[in-house]
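Okay, so here's the structure we're looking at.
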Amino acid sequence: MSKNIQSIRGMHDFAPEEAAAMRVLESRLLSVLKQYAYQEIRTPIVEKLELFKRSIGEVTDIVEKEMYAFEDGADHAWLGLRPEGTASTVRAGIQNGWLHNQQQRYWYLGPFFRRERPQKGRYRQFHQLGVETFGMQGPDIDVELILLTRSMWQAVGLPAENLQLQLNSLGDADARAKHRDKLIAYLSDHESVLDEDARKRLHANPLRVLDSKNHEVQAIVADAPKLLDFLDQEAKDHFGLMQQLLDQMGIEYSVNPTLVRGLDYYNRTVFEWVSTDLGAQGTICAGGRYDSLVEQMGGKATCAAGFAIGLERLLSLVEQQMMDSVPQIDAYFVALGDEASRYAFQLIAKIRQQLPDCAIQMNCGDGSIKAQMKRADRSGARLALIVGEDEVNNQQIAVKHLQEKQPQQVLSENELLQLLKPQH
């Protein structure tokens, strides 16, 4: 006998109750984006591999270790499953002429793919909500993105006392070049203590060494030259004004000089929201500015900023609240006999037409009244609507309350519609 086929490691199935909770979470996040007047875009899951190499950087964990890449048999082109959304958004903006001399506020939501070690809230196929903005160079858009994320935490009931907002500035190219030389010299003096990843990045991408999770490397990094000390006046003013605006809005934050983000394209502002309830992998939202990426990818110079939220990780913090908010089935139809089934189907069609927000489940597969009532109980419906021969003859419906102690009723069709109508 052949073995059952199992899912790929790190590719997660959502049970109906988990999927329903995720849908509630998504709807609350999207309601905030509507308040801020952001617009949805959709891009392909598969892109040319070169897109991610050029945008993310070849000396990154994503490109070196985590990309799902394959050769397309038709024309031998190398393709990749998207590991993040910014590169695809920029590619689409350049290709379709959405960006040059325009201000845009976009959002997207969907699956992304990275081949990393699976753990709770971190899968090889994962879901992100991303936001990308273009054409706004001042720190006001940086602040708007942070305000937007704070509104999202409020919308999903994430306690503010369990969150930390961390900020840093990576400055511009000249500052990073000067800092790079000092950083390489400092790390070279401690090369014997660096782990393999840090030594590999020492000359290729030394800024990423600051992002190491190795405790011994972190101890060395603590005394490394700070990029903040190399900022020019314009970058300092940008970072300072952003902090003033956050102070005025009453948003608490800390400046973390080792916060660099894992992708090569960031400059100036970078930020992360970190939950104290998730241990070492506590980041639930990360973003910042990437003012040179559009030009780097072949478009006209366009300033940009954005962020991404890991939805599985966020859901793990608010799953119970989301499950408690999953819409309930309003009624389960129990029909006894063929005539009753025909009448029930006609009545359900009328209810769905007149009350489009009403959720009704029809018993299918026959069954005695006892069996059908068990199904009604298991469905979690508020009401069982029971139709037998007498109800068909009298054009009535017996109503049993499943979640409350109330006497059973016999109602006309109009009375049933009034009972099912949402109460505001």
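Just so you know, these numbers come straight off a predicted model, no measurement behind them.
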- [ ] For residues Met323 and Glu17, determine if any side-chain heavy atom of one lies less than 4.5 Å from a side-chain heavy atom of the other.
- [x] yes
Task: Distance, nearest 0.5 Å, that separates OG1 of Thr89 from CH2 of Trp98 - done: 8.5 Å
Task: Met249, CE: over 12 other non-hydrogen atoms inside 6.0 angstrom - done: no
Task: Distance-only polar pair, side chains of Tyr36 and Ser151, donor-acceptor under 3.5 Å - done: yes
Task: Member of Asp237, Leu167, Asp247 meeting the side-chain contact (heavy atoms from CB on, under 4.5 Å) criterion with Met242 - done: Leu167
Task: Asp232 atom CG, over 12 foreign heavy atoms within 6.0 Å - done: yes
Task: Worked verdict on Arg114 versus Glu84 for salt bridge (Lys or Arg N to Asp or Glu O under 4.0 Å) - done: CA-CA 9 Å; Arg114 295 185 190 178; Glu84 56 94 45; 5.9 Å; no
Task: Mutual orientation of the aromatic rings belonging to His12 and Tyr123 [parallel < 30°, tilted 30-60°, perpendicular > 60°] - done: parallel
Open item on the list: Could you go through His401 and Gln408, starting from their C-alpha distance and side-chain angles, then the distance that decides it, and tell me whether this counts as side chain to side chain donor-acceptor pair (under 3.5 Å)?
Closed with: CA-CA 7 Å; His401 294 263; Gln408 186 163 310; over 6 Å; no
Open item on the list: Could you tell me if the side chain of Asp291 sits less than 4.5 Å from the side chain of Gln137, heavy atoms only?
Closed with: no
Open item on the list: I'd like to know whether CD of Glu216 has more than 12 heavy-atom contacts from other residues, nucleotides or ligands below 6.0 angstrom.
Closed with: no
Open item on the list: Within the structure provided, determine whether Val334 and Leu385 are in side-chain contact (heavy-atom separation under 4.5 Å).
Closed with: no
TODO: Flag yes if more than 12 heavy atoms outside Gln353 fall under 6.0 Å of its CD atom; otherwise flag no.
DONE: no
Task: salt_bridge(Lys236, Glu234) N-O dist < 4.0 Å - done: no
Task: Sidechain-backbone polar pair: Thr276 side chain, Asn162 backbone, donor-acceptor under 3.5 Å - done: yes
Open item on the list: Pair Ser325, Arg28 - check side chain to side chain donor-acceptor pair (under 3.5 Å), show working.
Closed with: CA-CA 11 Å; Ser325 300; Arg28 293 192 180 183; 2.8 Å; yes
- [ ] Identify the heavy atoms of Arg176 and Arg268 that sit nearest to each other, and give their distance.
- [x] NH1-N, 4.5 Å
Open item on the list: I'd like to check Phe307 versus Leu129 (side-chain heavy atoms, cut-off strictly below 4.5 Å). Are they in contact?
Closed with: no
Open item on the list: Hydrogens and angles aside, do Tyr332 and Asn363 bring a side-chain donor and acceptor to less than 3.5 Å of each other?
Closed with: yes
TODO: State, yes or no, whether a side-chain contact exists between Glu413 and Leu416 at a heavy-atom distance under 4.5 Å.
DONE: no
- [ ] Kindly check if the number of other-residue, nucleotide or ligand heavy atoms within 6.0 Å of CD (Glu295) is above 12?
- [x] no
- [ ] Write down the atom of Lys300, the atom of His100, and the distance for their closest heavy-atom approach.
- [x] CB-ND1, 3.2 Å
TODO: Report the distance from atom CD of Gln243 to atom NE2 of His238, rounding to the nearest 0.5 Å.
DONE: 10.5 Å
Open item on the list: Taking Arg199 first and then Glu196, would you say they form a salt bridge - that is, a charged N and a carboxylate O separated by under 4.0 Å?
Closed with: no
Task: Close side-chain approach of Trp153 and Trp273, heavy atoms under 4.5 Å - done: yes
Open item on the list: Strictly distance-based, threshold 3.5 Å: is any side-chain N or O of Gln406 a donor or acceptor partner for the main-chain N or O of Lys400?
Closed with: no
Open item on the list: Which residue is it: Glu47, Glu132, Arg82? I am looking for the one with a side-chain hydrogen bond (donor to acceptor under 3.5 Å, both in side chains) to Ser88.
Closed with: Glu47
Open item on the list: Heavy-atom count check: over 12 atoms from other residues, nucleotides or ligands less than 6.0 Å from Phe70 CZ?
Closed with: yes
Task: Beyond-backbone contact of Arg124 with Phe113, side-chain heavy atoms, under 4.5 angstrom - done: no
Task: Ile220 versus Tyr186, closest heavy-atom pair with distance - done: O-OH, 2.7 Å
- [ ] Decide salt bridge (Lys or Arg N to Asp or Glu O under 4.0 Å) for Glu50 and Lys53; before the verdict, give the C-alpha distance in whole Å, the side-chain angles of both, and the deciding distance to 0.1 Å.
- [x] CA-CA 5 Å; Glu50 182 61 28; Lys53 287 186 175 182; 5.5 Å; no
Open item on the list: Contact between Glu404 and Arg382 at the side-chain level, heavy atoms closer than 4.5 Å - yes or no?
Closed with: no
